[in-house]
Amino acid sequence: TIVLLLSSWSVARCVQASRAGAHRSALISALVTVFFGLVFLTSKIVEWIVEIRKGNTFTSNEFFQHYFFLTSIHCIHVLSGVVVCQLRSPARRSQQLVETGATYWHTVDLLWVLIFALLYVVR
């Protein structure tokens, strides 16, 4: 959760730099966002491996059905966000694309907060 919140901070910095015309700074912030997204994805994969080794699979019980479904869907969305954050080509640096990508990223983060509350806090 902390990693995704840091990624939200870095994507906000990307938007701010892009608005100021500081494309190099925006690119660096976008790459930091991608890094945090990949760290999150790696942590979920490790978490899944630990659960599966304990014998907790999609078919174990209703909790793990929800757990694997929600976290895998979220990971697909994070991966999509990682692709959107690629600002290397000049065509992808338009302000509208940067802001749309940031909005998508923040929405995925908001969804994670809800998933986290449902799966980790309520459990």
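Residues in residues 17-34 take part in these salt bridge (Lys or Arg N to Asp or Glu O under 4.0 Å) pairs, two or more places apart or across chains: R19-E99. The salt bridge (Lys or Arg N to Asp or Glu O under 4.0 Å) analysis of residues 73-82, with sequence neighbours excluded, yields no pairs. Identified under the salt bridge (Lys or Arg N to Asp or Glu O under 4.0 Å) test for residues 70-83, with sequence neighbours left out: none.
Partners of S43 by side-chain contact (heavy atoms from CB on, under 4.5 Å), not counting sequence neighbours, listed by chain and number: F40. The side-chain contact (heavy atoms from CB on, under 4.5 Å) search around T103 returns T107, not counting sequence neighbours. For Q16, there are no side chain to side chain donor-acceptor pair (under 3.5 Å) partners two or more places apart in sequence or in a different chain. A search for side chain to side chain donor-acceptor pair (under 3.5 Å) contacts involving S29 returns nothing, not counting sequence neighbours. With sequence neighbours left out, the ring pair (Phe, Tyr, Trp, His ring centres under 6.0 Å) criterion links F58 to no other residue. Every residue meeting the side chain to side chain donor-acceptor pair (under 3.5 Å) condition with S8, not counting sequence neighbours, appears here in chain and number order: H106, D109. Partners of F35 under the side-chain contact (heavy atoms from CB on, under 4.5 Å) rule, at least two apart in sequence or in another chain, are V39. Checked against side-chain contact (heavy atoms from CB on, under 4.5 Å), V113 has no partners two or more places apart in sequence or in another chain.
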Next on the checklist: Pair F116, T71 - check side chain to side chain contact (heavy atoms under 4.5 Å, CB included), show working.
Outcome noted: CA-CA 9 Å; F116 180 80; T71 57; over 6 Å; no
Item to check | Residue pair H77, W112: steps toward the side chain to side chain contact (heavy atoms under 4.5 Å, CB included) verdict | outcome: CA-CA 10 Å; H77 285 94; W112 177 251; over 6 Å; no
Checklist entry - Should L38 and L41 be marked as a side chain to side chain contact (heavy atoms under 4.5 Å, CB included) after you check the CA-CA gap, both sets of side-chain angles, and the distance that decides it? => result CA-CA 5 Å; L38 293 175; L41 291 172; 4.1 Å; yes
Item to check | side chain to side chain contact (heavy atoms under 4.5 Å, CB included) evaluation trace for Y67 with W48 | outcome: CA-CA 10 Å; Y67 167 80; W48 292 336; 3.5 Å; yes
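Using a 4.5 Å cut-off between side-chain heavy atoms of Ile, Leu, Val, Met, Phe, Trp and Tyr, with links allowed through other members, I45 and V78 fall into the same hydrophobic cluster. Grouping the Ile, Leu, Val, Met, Phe, Trp and Tyr side chains by contacts below 4.5 angstrom, directly or via other members, places L118 apart from L110.
Atom CG of L31 sits about 10.0 Å away from atom OG of S10, to the nearest 0.5 Å. A distance of 10.5 Å separates CG in N61 from NE2 in H66, rounded to the nearest 0.5 Å. L5 CG to F36 CZ: the interatomic distance, rounded to the nearest 0.5 Å, is 10.5 Å.
Y104 has its side chain within reach of V108: a pair of non-hydrogen atoms, C-beta onward, lies under 4.5 Å apart. You'll find the side chain of H74 reaches within 4.5 Å of the side chain of L4, heavy atoms only.
Pairing each heavy atom of L70 with each of I115, the nearest pair is O-CD1, 3.9 Å. Contact between A26 and C14 at its shortest, heavy atoms only, is O-SG, 3.3 Å.
If you check the side chains of W105 and T33, you find no donor sitting under 3.5 Å from an acceptor.
Clustering of Ile, Leu, Val, Met, Phe, Trp and Tyr side chains at separations under 4.5 Å places L111 together with L114.
Side-chain N or O atoms of S72 include one that pairs as donor or acceptor with a backbone N or O of F69 at under 3.5 Å. Remark: the backbone N or O of V15 is not paired with any side-chain donor or acceptor of S18 at under 3.5 angstrom.
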